[in-house]
Amino acid sequence: MESQKKYSEMTEHELRSEFARLMEKARKAEQLGIVNEYAVYQRKAVIVQSYLVDRESIVAGEVYRIDGDEGVFFKVDYLKGLFAWGYRLSGSRAEEALPISMLKPLKSGK
């Protein structure tokens, strides 16, 4: 049985390799039409990317764009682990958590 390291124990190089591996598996699943498997690999890839984000770059009280959800903004209340807790500025403003890799600064381009 292969023993896999936890993402938190991986080096930056290992995380980047894992991200590439997951994206390749997601691409194959998409080509085969296996929607559930595709979604799982995509979500895992987002988590792996979160380990590569500098947590100091996400500031409580700031507003960020949500990667993959064009025109929707997220206000961060606090960070807990790899997740930013807060609410979307549109909609019901219900509290939710997003992986920090999904948050993009307002001032930067795409």
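Nothing fancy with the numbering, it's 1 onward along the sequence.
- Hydrophobic cluster membership is shared by Tyr87 and Val63, with clusters built from Ile, Leu, Val, Met, Phe, Trp and Tyr side chains linked at under 4.5 angstrom.
- Here the side chains of Glu30 and Glu37 are not in contact, with every heavy-atom distance at 4.5 Å or above.
- Nearest heavy-atom pair, Ala84 versus Ile58, reported as atom, atom and distance to 0.1 Å: CB-CG2, 4.5 Å.
- More than 12 heavy atoms of other shown residues, nucleotides or ligands fall within 6.0 angstrom of atom CG in Asp54.
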Yes or no on salt bridge (Lys or Arg N to Asp or Glu O under 4.0 Å) for Glu24 and Arg21, after CA distance, side-chain angles and deciding distance? CA-CA 5 Å; Glu24 179 62 20; Arg21 186 184 73 77; over 6 Å; no

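- For the pair Glu14 (side chain) and Thr11 (backbone), a donor-acceptor distance under 3.5 Å is present.
- In this structure, Asp67 CG and Met102 CE are separated by 7.0 Å, a value rounded to the nearest 0.5 Å.
- Leu98 and Phe73 are members of different hydrophobic clusters when ILVMFWY side chains are connected at heavy-atom separations under 4.5 Å.
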Given salt bridge (Lys or Arg N to Asp or Glu O under 4.0 Å), test Glu62 with Lys75 step by step and report yes or no. CA-CA 6 Å; Glu62 292 289 320; Lys75 182 166 186 192; over 6 Å; no

Would you please test Glu18 and Leu22 for side chain to side chain contact (heavy atoms under 4.5 Å, CB included) and show each step? CA-CA 6 Å; Glu18 178 67 5; Leu22 289 168; 3.9 Å; yes

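- Ser57 OG to Ile100 CD1: the interatomic distance, rounded to the nearest 0.5 Å, is 6.5 Å.
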Would Met10 and Gln4 count as a side chain to side chain contact (heavy atoms under 4.5 Å, CB included) here? Give the steps. CA-CA 10 Å; Met10 290 184 179; Gln4 173 111 17; 3.6 Å; yes

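- Atom-to-atom distance recorded for Lys25:NZ and Ile34:CD1 is 11.5 Å, nearest 0.5 angstrom.
- Formation of a donor-acceptor pair under 3.5 Å by the Ser101 side chain with backbone atoms of Val46 is found in this model.
- Side-chain N or O atoms of Tyr64 include one that pairs as donor or acceptor with a backbone N or O of Val59 at under 3.5 Å.
- In the hydrophobic clustering of ILVMFWY residues, with side-chain heavy atoms under 4.5 Å counting as a link, Val76 and Ile66 come out together.
- Between Arg88 and Arg93, the shortest heavy-atom distance links the atoms O-CG, 3.7 Å.
- Ring geometry for Tyr78 versus Trp85: interplanar angle under 30°, hence parallel rather than tilted (30 to 60°).
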Could you go through the side chain to side chain contact (heavy atoms under 4.5 Å, CB included) check for Leu89 and Phe74 one step at a time? CA-CA 6 Å; Leu89 295 181; Phe74 188 80; over 6 Å; no

Test Phe83 against Ile47 for side chain to side chain contact (heavy atoms under 4.5 Å, CB included), laying out the working first. CA-CA 9 Å; Phe83 291 86; Ile47 296 300; 3.8 Å; yes

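- Residue Arg27 places its CZ atom among more than 12 non-hydrogen atoms of other residues, nucleotides or ligands, all under 6.0 Å distant.
- Hydrophobic clustering places Tyr7 together with Tyr41 (ILVMFWY residues linked when any side-chain heavy atoms are closer than 4.5 Å, directly or through intermediates).
- Across all their heavy atoms, Leu82 and Ser50 have their closest contact at CD2-O, 3.8 Å.
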